[in-house]
Every structure is written in structure tokens, then in C-alpha cells.
Enquirer: 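This structure is in C-alpha cells; I'll ask about it shortly.
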Amino acid sequence: MDIMELVEKSKDAATVKRVFGEPIQHGDVVVIPVARVAQGGGGGQGQGKSEKGEEGGGSGGGFGFGATPAGVYVLKDNDAHWRPAVDVNRIVIGGQIVAVVLLLTLRTIFKKRRRRR
């Protein structure tokens with residue numbers, strides 16, 4: 001696969017349908033799912049000589065794509081509301097970081113109090 005072919009395939013992956021999902025309708029309510037999309041790619045080409053003095057060459061490329069839920073648009077009665085997706089893992093990790101910082105701070109305070117006595 002050459003670099004231009006990789007670029008063309010990456011364009012196909014980055015479409016609006018990756019960000020905005022198919023609308024879901026139930027009664028008079030329409031829900032449109034939304035995702036955060038990130039992509040990246042790269043390639044390279046090189047030539048050199050081997051230990052035997054022979055000409056060498058090579059090329060390579062790669063492409064990465066990721067999507068995470070961002071939330072949904074809720075359309076009801078000619079009004080649109082944004083409902084963000086809640087990332088529970090991020091909330092839990094944030095709480096753990098705060099707890100560790102709190103415990104380290106308390107440890108430092110208690111050590112200083114012991115030294116003063």
C-alpha cells in the first residue's frame with residue numbers, strides 16, 4: 001500500500017456519520033447520538049546501503065482512528081437539548097487522585113506536628 005492510498009482510506013474513515021450517528025425516533029422525540037472522533041496517520045520511506053554495499057529501500061505507513069461517546073441531541077416539540085455522556089471512569093479516577101493528594105497532605109501535616117513535639 002502506498003502513501004496516497006493510505007490518505008484516501010483515511011478520508012473515507014473521517015466522515016460526518018462517524019460523528020453524528022443515525023437519528024433514532026420514538027414517537028415525537030428524535031435522538032441523534034454524537035461522538036468525539038480522533039484520527040492520525042503517518043508514513044515514511046527510506047533508502048540505504050546494507051553491510052554488503054547493496055542498495056536497500058523500504059517504506060511504511062499507518063493510520064489510527066478512535067471514537068468515544070460525547071452525548072446526544074434530543075429533538076422534541078421543535079426544541080433541541082444537548083445531553084452529554086457521563087464518563088464514569090474519568091469521575092472515579094479523578095476522585096482517586098483527589099484522595100491520594102489529600103492523604104499525602106495529611107501525612108505531611110502530621111509528620112511536621114510530631115517533629116515539633
Enquirer: P69 and A85: which non-hydrogen atoms are nearest, and at how many Å?
Expert: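 Between these two residues, the closest heavy atoms are O-CB, 4.0 Å.
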Enquirer: Does any part of the side chain of V31, heavy atoms only, come nearer than 4.5 Å to the side chain of Y73, both counted from C-beta?
Expert: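 Counting from C-beta outward, Y73 and V31 never come under 4.5 Å.
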Enquirer: Can you sort out the partners of R113 under side-chain contact (heavy atoms from CB on, under 4.5 Å), two or more places apart, ordered by chain and number?
Expert: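 For R113, the residues satisfying side-chain contact (heavy atoms from CB on, under 4.5 Å) (neighbours in sequence not counted) are I109, F110.
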Enquirer: What distance do L75 atom CG and I24 atom CD1 have between them, rounded to the nearest 0.5 Å?
Expert: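 Spacing of CG (L75) from CD1 (I24) equals 11.5 Å.
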Enquirer: Can V30 be reached from W82 by stepping across I, L, V, M, F, W or Y side chains whose heavy atoms are under 4.5 Å apart?
Expert: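 Yes; V30 is reachable from W82 via cluster members.
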Enquirer: Determine whether V74 and F20 fall in the same hydrophobic cluster, where Ile, Leu, Val, Met, Phe, Trp and Tyr are linked whenever their side-chain heavy atoms lie under 4.5 Å apart.
Expert: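 Result: no, two separate clusters.
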Enquirer: Among the clusters formed by ILVMFWY side chains lying less than 4.5 Å apart, do V72 and I32 turn up in the same one?
Expert: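 No, V72 and I32 fall in different hydrophobic clusters.
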Enquirer: When rounded to the nearest 0.5 angstrom, what distance separates CD1 in I97 from CG in L102?
Expert: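 If I round to the nearest 0.5 Å, the distance is 13.5 Å.
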Enquirer: What pairs meet the side chain to side chain donor-acceptor pair (under 3.5 Å) rule with one or both residues in residues 90-111, with sequence neighbours excluded?
Expert: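 Applying side chain to side chain donor-acceptor pair (under 3.5 Å) to every pair that reaches into residues 90-111, excluding sequence neighbours, yields nothing.
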